[in-house]
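Only one structure is covered here, and it is reproduced in the block below.
Just so you know, these numbers come straight off a predicted model, no measurement behind them.
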Amino acid sequence: MAITKQSLDELLADGKYRASISYGGNTGLRAKKLANRVSFEVTKRVTGGANTTTTVGYYPDISLKEALQKAHTIRTDADAGLNPRLEKIKRQSKVTKGLKTLDDCVQEYIYDKEVASPKALPENTIRQTWSAFRLCSPRLLQKPIAEITPDELRDCFNFMASSQYKNRNGSFGARRQAEIWMAYSKAIFKMAHEIKDYIEVNPCPKAFYKITREVKNYDHFLQPSEVSKMLELINNMEDFPQSFITMDVTPARLTQYQAVKLNVLTGLRNASELYTIKWQDVKLQVNKPTFFYTTSKQQQPLEMPITPMMSEVFNAQAKRRCNSYVFPSTLNAKKDNTHIAGVYKAMKRLRELLKSDYQIEQFQNSEVFNNLMLRHTFTTLGNRIGIPIEKLDAMSGHIST
């Protein structure tokens with residue numbers, strides 16, 4: 001089927017991922033559907049060499065006529081024995097060298113990953129990439145990448161990681177966010193230097209040479225007795241609401257408490273794995289109850305066995321079922337069918353009740369009380385009772401281990 005503007009629009013709107021149409025003739029041009037756009041590609045054998053496939057642009061950013069003109073240039077290079085990809089980079093570098101901004105390079109980095117990926121990039125990955133640069137280096141985004149110095153990059157990192165930065169929770173410093181930004185910066189500046197030839201010197205190695213990662217302490221976890229008392233407290237609020245003040249036993253707050261309970265029993269990541277569990281993925285009325293979830297990093301489906309203590313969570317939430325999610329958001333929700341956004345206030349209140357009702361002034365092995373600590377509790381106590389570390393890693397979403 002020959003390429004026309006109508007066929008391009010149909011491919012963009014309704015085409016399947018990786019589906020393609022060819023222009024025909026000796027052009028070697030074809031249009032391939034990606035996640036949310038259509039790429040123009042030219043396949044041509046280099047004289048004295050092998051076939052090469054070169055991306056010439058994306059529809060609707062460039063028209064079919066422009067794609068045909070670029071396809072002609074690529075065929076001319078290939079007939080002359082030149083590698084079309086290298087010639088394309090040389091032409092681009094002559095025009096754009098020193099003019100490309102950091103914002104432009106971030107976009108190209110995301111586009112290149114999208115083209116190379118066998119499936120669409122997760123929205124979380126794209127959002128995290130942009131969030132890192134908008135938080136850590138907002139003033140550098142519109143600056144030509146060739147003018148960015150190692151000192152500027154180091155200053156951005158130090159500001160984000162130090163007490164000068166105050167995050168939305170009121171605490172100071174965001175070392176982890178700074179490290180995420182540093183990792184993306186290294187990848188993007190490497191692309192601009194080694195692949196795109198936008199810069200002659202990569203400033204990242206010099207900028208981050210003296211910056212070392214802090215030694216992270218992963219020993220924060222609850223003792224079995226502390227876990228037992230926390231679960232007992234959550235069960236009491238569920239079974240005997242009259243014994244607590246109203247704010248502690250509202251449907252929204254009880255939902256958050258149950259999410260905390262399932263968190264320590266499964267070790268799942270909260271926002272991307274635990275909160276997104278839907279009722280259609282829960283199988284309770286079978287001989288071996290299970291539920292399914294999708295790992296946030298590898299985007300792989302996994303099946304988790306439901307223990308008797310976990311079933312208490314699902315049975316409690318079944319009484320409050322109001323949409324497709326096990327942990328529904330019903331208070332000030334912007335959408336009708338959505339899940340809870342977090343459990344920060346619920347965990348803060350749990351800590352207060354554990355202190356007042358159970359006299360737990362300080363946890364034995366933890367100075368913090370947060371979601372990551374509950375994940376560590378799951379793996380630590382699971383390992384103590386003899387569960388192989390490989391199974392614990394798989395259950396908590398570390399599939400590659």
Kindly state whether the ring of Y58 and the ring of F40 have centres lying under 6.0 angstrom apart.
no

Step-by-step side chain to side chain donor-acceptor pair (under 3.5 Å) determination, N337 to S324:
CA-CA 7 Å; N337 188 27; S324 62; 2.9 Å; yes

Are more than 12 heavy atoms from other residues, nucleotides or ligands located less than 6.0 Å from atom NZ of K143?
yes

Within 6.0 angstrom of Q285 CD, more than 12 heavy atoms from elsewhere
no

Point-to-point distance, once rounded to the nearest 0.5 Å, from OG1 of T377 to CG of L222
4.0 Å

What distance do H72 atom NE2 and T27 atom OG1 have between them, rounded to the nearest 0.5 Å?
12.0 Å

By salt bridge (Lys or Arg N to Asp or Glu O under 4.0 Å), which residues pair with R349, not counting sequence neighbours?
D248, E352

Any idea how F133 and W181 line up, ring-wise: parallel (<30°), tilted (30 to 60°), or perpendicular (>60°)?
perpendicular

Residues Q142, T101; criterion side chain to side chain donor-acceptor pair (under 3.5 Å); working and verdict:
CA-CA 5 Å; Q142 300 306 322; T101 64; 4.6 Å; no

Please find the pair of heavy atoms, one from G342 and one from Q256, that lie closest to each other, and give the distance.
O-NE2, 3.5 Å

Looking at Y358, I'd like to know if the NZ or CZ of K229 sits under 6.0 Å from its six-membered ring centre while staying within 45 degrees of the ring's axis.
no

For V326 and W279, which heavy atoms make the closest approach, and how far apart are they?
CA-NE1, 3.7 Å

Output yes when D79 and K44 qualify as a salt bridge under the 4.0 Å nitrogen-oxygen rule, no when they do not.
yes

Apply side chain to side chain donor-acceptor pair (under 3.5 Å) to T76 and T73, showing your working.
CA-CA 5 Å; T76 301; T73 302; over 6 Å; no

For T53 and E41, test the side chains for any donor-to-acceptor distance below 3.5 angstrom and give the result as yes or no.
no

If you measure from CD1 on I21 to CG on L8, what distance do you get to the nearest 0.5 Å?
5.0 Å

How about E114 and Y109: does a side-chain donor come under 3.5 Å of a side-chain acceptor?
no

Students often mix this up, so state it plainly: with edges at 30° and 60°, are the rings of Y275 and F327 parallel, tilted or perpendicular?
perpendicular

Between F314 and F291, does a ring pair (Phe, Tyr, Trp, His ring centres under 6.0 Å) hold up when you go through it step by step?
CA-CA 10 Å; F314 291 105; F291 71 88; 5.5 Å; yes

Spacing of CD1 belonging to I199 relative to SG belonging to C105, to within rounding of 0.5 Å:
7.5 Å

Side-chain ion pair, D281 and K278, N-O less than 4.0 Å:
no

With sequence neighbours excluded, what pairs up with Y59 under the side-chain hydrogen bond (donor to acceptor under 3.5 Å, both in side chains) test?
D9

At what distance, to the nearest 0.5 angstrom, does CD of Q359 lie from CG of D357?
7.5 Å

Between E312 and K261, is the closest basic N to carboxylate O distance under 4.0 Å?
yes

Would E238 and Q258 count as having a side-chain donor-acceptor pair, cut-off 3.5 Å?
yes

Whether over 12 other heavy atoms sit under 6.0 Å from Q362 CD
yes

Side-chain touch P203/F189, heavy atoms, less than 4.5 angstrom
yes

Determine, step by step, whether R134 and D103 satisfy the salt bridge (Lys or Arg N to Asp or Glu O under 4.0 Å) criterion, reporting the C-alpha distance in whole Å, the side-chain angles of both residues, the deciding distance to 0.1 Å, and the verdict.
CA-CA 10 Å; R134 287 166 182 162; D103 187 282; 5.6 Å; no

Can you confirm if the NZ or CZ of R269 lies within 45° of the ring axis of Y293 and under 6.0 Å from the centre of its six-membered ring?
no

